[in-house]
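What follows is a single structure, written as structure tokens, with notes after it.
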Amino acid sequence: MADTDENGSSPTGEETTELLAARRRKLERLREEGVEPFPHDYDGVVHVVDVKAAHEALEAGEETDARYRVAGRLAARRGQGKAAFLDLVDRSGRIQLHARVDVLGQESLDRLVGLDLGDLLGVDGTVFRSRRGELSLRVDDWTLLAKSLRPPPEKHHGVQDVETRFRHRELDLLSSEETRALFIARARIVSAVRRFLDDNGYVEVETPVLQPLYGGANARPFTTHHNALDRDLFLRIATELYLKRLIVGGLERVYEMGKDFRNEGISQKHNPEFTMVEFYEAYADYEDMAQRTERLVAAAAAAAGYDGEIDVTPPWRRETLQGAILSRSGIDILELEDRDALAAAMAAKGMRVPPDDTWAQLVDELVTKHVEPTLIEPTFLFDYPVALSPFAKRHREDDRLVERFEAYVNGMEIANAFTELNDPDDQRRRFEQQRAHAEAGDEEAQPYDESYLQALEQGMPPTGGVGLGIDRLVMLLTGRRSIREVVLFPAMRD
């Protein structure tokens, strides 16, 4: 994105150089005049929205004695000579300033009017409503808080280039009230998730981000090296196995909100660094966790002021995975438990069959391509094949399945949950199967974790657990289609 001039048009390269030089000259002039362009603090600031809220009933042309201190960026200015109107913008909104020579004096007024758009300033002033009906502050005093050495984005259209918006999010936030509102909504969603779990007796914990052995999901990790220990470590792909150790230890209800890292592709739904909340509850199963999940999402929606077309109010629709695939593709995965038989059935229907995919990966292909896009209303898919779920407990009525669900909304998976596998011998067999997959070339197979098995051998109570993607939840509740829109600084190519 090109810098913009004071009128908002895009200058040429030569003009940009001159604009930057002009701002530098103003900086030096201020210092020569004894003005500190980067002071240390400015106490007592009130948000613009609070000033406006306190004086909503003020009539056009009405004056007050109410005095406030506000601070923000200079966004516009009008007039010169004896008086000027300026617009100041902070995080909460915009307010008009009225500066007069008989109040400030000519030198102070000239210096104020001579500021550049984008400069940060603080203002002390009294509230009035202009004859045109705009709530304003009459400037009694002002202070330069930071000299902006680059012109701001064009004020009417903001940052149009998508790459620039993501690489330089500060420019996007400067120019777009909508973007600022989006990330404030994200913060409210995160707070609502924490509040829901806290209110339901969960303890927030922190587990290692750098792990000696990754696990808890099917994904390739990022690897790094610790010099002092002289060993490789992995950025975590999930918090699951550490959190379940805490269930073993007797904390009974725990959760962690934080970053996970998976060395995978980038898409509208995937960023290699993403935010998850995982929560685990002793003496619960996946049915209990489904109810927790739908209530949590509803609470987050309320906190975000969600008013989208998709109703997230509990209870949500429920289907089995087997039934969902059968109804949409005509393929019964439990009648085709041999990899080649499933591949042949898919090929016979003209479906894509990746030649190196395992049976489990072909089932995932069916879900991703033929089921997931149809799940617009909030839906739980229950009861997955054992081969897809190395940490879920076997189904109490069908030994081929595990007690697992995934939650989908608007054609997107937002959560994954199990009745957790707490039989250490069964878990050991699952690890051995995963090791065989890894030896056969599956780069996303679970590594064998003897330390975790030893924890399970201490005894883990019946437990339900959920992993919920915060970024995807924010996408849903803010109506965004790309994860890059809801992550402040998404991963980008060079």
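In what follows, every heavy atom counts, from backbone to side chain, and hydrogens, waters and symmetry copies are set aside. Since the structure is predicted, the reported quantities are computational estimates derived from the model, not experimental observations.
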Original post:
What's the shortest heavy-atom distance between Ala415 and Leu468, and which atoms?
Top reply: CB-CD1, 3.7 Å

Original post:
Looking at Tyr255 versus Phe279, is the centre-to-centre ring distance below 6.0 Å?
Top reply: no

Subject >> Arg317 and Glu377 ion-paired at < 4.0 Å >> reply: no

Original post:
Between Ala75 and Arg94, which heavy-atom pair has the shortest distance, and what is it?
Top reply: CB-NH1, 3.5 Å

**OP:** May I ask you to check whether over 12 heavy atoms, not counting those of Arg167, lie within 6.0 Å of atom CZ?
**Re:** yes

**OP:** Using distance alone, with no hydrogens and no angle criterion, decide if Tyr283 and Glu281 have a side-chain donor and acceptor under 3.5 Å apart.
**Re:** no

**OP:** Examine distances only and state if a side-chain atom of Thr368 and a backbone atom of Glu365 form a donor-acceptor pair shorter than 3.5 Å.
**Re:** no

Original post:
Quick one: are Met289 and Thr419 in side-chain contact, heavy atoms under 4.5 Å?
Top reply: no

Original post:
For the residue pair Phe431 and Phe391, is the inter-centroid distance of their aromatic rings smaller than 6.0 Å?
Top reply: yes

Original post:
Taking the side chain from Arg245 and the backbone from Leu241, do they hold a donor-acceptor pair closer than 3.5 Å?
Top reply: yes

Original post:
Does Arg292 pair with Glu287 as a salt bridge, N-O distance under 4.0 Å?
Top reply: no

Subject >> Test item: Glu256 and Glu278 side chains (from C-beta on) under 4.5 Å apart, heavy atoms >> reply: no

**OP:** Report yes or no: does Gln211 contribute a side-chain atom to a donor-acceptor pair with the main-chain N or O of Pro208 at less than 3.5 Å?
**Re:** yes

**OP:** Please check if atom CG in Asp307 has more than 12 non-hydrogen atoms from other residues, nucleotides or ligands closer than 6.0 Å.
**Re:** no

Original post:
Would Leu456 and Lys244 satisfy side chain to side chain contact (heavy atoms under 4.5 Å, CB included), going step by step from the backbone distance to the final call?
Top reply: CA-CA 9 Å; Leu456 281 188; Lys244 288 195 286 194; 5.8 Å; no

Subject >> Contact summary for Ser329 and Met351, nearest pair of heavy atoms >> reply: CB-CE, 3.6 Å

Original post:
Can you list the steps and then say if Val409 with Arg472 is a side chain to side chain contact (heavy atoms under 4.5 Å, CB included)?
Top reply: CA-CA 10 Å; Val409 189; Arg472 293 186 181 185; over 6 Å; no

Original post:
What's the shortest heavy-atom distance between Glu56 and Arg129, and which atoms?
Top reply: O-NH2, 3.4 Å

**OP:** Write down the atom of Pro354, the atom of Leu362, and the distance for their closest heavy-atom approach.
**Re:** CD-CD2, 4.0 Å

**OP:** Carefully, step by step, assess Asp426 and Arg430 under the rule salt bridge (Lys or Arg N to Asp or Glu O under 4.0 Å).
**Re:** CA-CA 6 Å; Asp426 193 359; Arg430 305 272 192 98; 3.4 Å; yes

Original post:
So do Met346 and Asp357 actually touch side chain to side chain, heavy atoms under 4.5 Å?
Top reply: no

Subject >> Salt bridge present between Arg394 and Glu403 (N-O < 4.0 angstrom) >> reply: no

**OP:** Give a yes/no verdict on a cation-pi contact between Arg404 and Tyr384, requiring under 6.0 Å between NZ or CZ and the six-membered ring centre and an angle within 45° of the axis.
**Re:** yes

**OP:** Answer yes or no: is there a donor N or O on one side and an acceptor on the other, between the side chain of Glu177 and the main chain of Gly93, under 3.5 Å?
**Re:** no

**OP:** Could you tell me whether the side chain of Lys269 and the main chain of Glu413 form a donor-acceptor pair under 3.5 Å?
**Re:** no

**OP:** Go through the steps for Thr463 and Asn422 under the test side chain to side chain contact (heavy atoms under 4.5 Å, CB included), then give the verdict.
**Re:** CA-CA 8 Å; Thr463 298; Asn422 61 345; over 6 Å; no

Original post:
Are Asp425 and Arg429 side-chain neighbours, meaning at least one heavy-atom pair lies under 4.5 Å?
Top reply: yes

Original post:
Within the distance-only criterion (no hydrogens, no angle test), does the side chain of Arg328 pair as donor or acceptor with the backbone N or O of Ala324 below 3.5 angstrom?
Top reply: yes

**OP:** For the residue pair Leu251 and Val254, establish whether any side-chain heavy-atom pair is separated by less than 4.5 Å.
**Re:** yes

Original post:
How far apart are the closest heavy atoms of Pro212 and Tyr242, and which atoms are they?
Top reply: CD-OH, 3.6 Å

Subject >> Test: Glu450 and Arg435 ion pair at under 4.0 Å >> reply: no

Original post:
Do Val162 and Arg484 have side-chain heavy atoms sitting under 4.5 Å apart?
Top reply: yes

Subject >> Side-chain (Gln361) to main-chain (Thr358) donor-acceptor, under 3.5 angstrom >> reply: yes

Original post:
Is the number of heavy atoms from other residues, nucleotides or ligands under 6.0 Å of Arg481 CZ greater than 12?
Top reply: no

**OP:** Kindly indicate, with the supporting measurements, whether the criterion side chain to side chain donor-acceptor pair (under 3.5 Å) is fulfilled by Asp383 and Gln322.
**Re:** CA-CA 8 Å; Asp383 302 338; Gln322 177 192 16; over 6 Å; no

Subject >> Worked check of side chain to side chain donor-acceptor pair (under 3.5 Å) between Arg69 and Tyr42 >> reply: CA-CA 9 Å; Arg69 169 170 281 192; Tyr42 192 67; 3.3 Å; yes

Subject >> Arg220/Glu443 salt bridge by N-O under 4.0 Å criterion >> reply: yes

Original post:
For the atom pair CD (Glu372) and CG (Leu381), what is the distance rounded to the nearest 0.5 Å?
Top reply: 9.0 Å

Subject >> Check: Leu321 and Pro385 side chains under 4.5 Å, non-hydrogen atoms >> reply: yes

Subject >> Donor-acceptor pair, side chain of Asp442 and main chain of Ala438, under 3.5 angstrom >> reply: no

Subject >> Flag, side chain of Asp87 to backbone of Leu97, donor-acceptor distance under 3.5 Å >> reply: no

**OP:** May I ask you to say whether Arg428 pairs ionically with Glu457, meaning some side-chain N is under 4.0 Å from a carboxylate O?
**Re:** yes

Original post:
So, are Arg186 and Glu485 salt-bridged, with charged N and O less than 4.0 Å apart?
Top reply: no

**OP:** May I ask you to check whether Asp449 and Ser451 show a side-chain donor-acceptor distance below 3.5 Å?
**Re:** no

Subject >> Step-by-step side chain to side chain donor-acceptor pair (under 3.5 Å) determination, His55 to Tyr68 >> reply: CA-CA 12 Å; His55 299 280; Tyr68 293 93; 2.9 Å; yes

Original post:
Within 45° of the axis and under 6.0 Å from the centre of the six-membered ring of Phe489, does NZ or CZ of Arg169 qualify?
Top reply: no

**OP:** Show your working on side chain to side chain contact (heavy atoms under 4.5 Å, CB included) between Asn416 and Phe405 and close with a plain yes or no.
**Re:** CA-CA 6 Å; Asn416 183 32; Phe405 72 74; over 6 Å; no

Subject >> Straight-line distance of Arg150 CZ to Leu171 CG, nearest 0.5 Å >> reply: 9.0 Å

**OP:** Could you walk me through whether Arg253 and Glu204 pass the salt bridge (Lys or Arg N to Asp or Glu O under 4.0 Å) test, one step at a time?
**Re:** CA-CA 9 Å; Arg253 293 188 185 188; Glu204 183 173 10; over 6 Å; no

Subject >> Salt-bridge criterion met for Asp172 and Arg180 (N-O under 4.0 Å) >> reply: no

Subject >> Gln446 side-chain N/O to Gly216 backbone N/O, donor-acceptor pair under 3.5 Å >> reply: yes

Original post:
Can you tell me how far CG of Asp471 sits from OG1 of Thr275, rounded to the nearest 0.5 angstrom?
Top reply: 4.5 Å

Original post:
Are the ring centres of Tyr286 and Phe382 closer than 6.0 Å?
Top reply: yes

**OP:** Check whether any side-chain heavy atom of Leu88 sits under 4.5 Å from a side-chain heavy atom of Leu74, and report yes or no.
**Re:** no

**OP:** Count the heavy atoms belonging to other residues, nucleotides or ligands that lie under 6.0 Å from CD of Glu59, then report whether that count exceeds 12.
**Re:** no

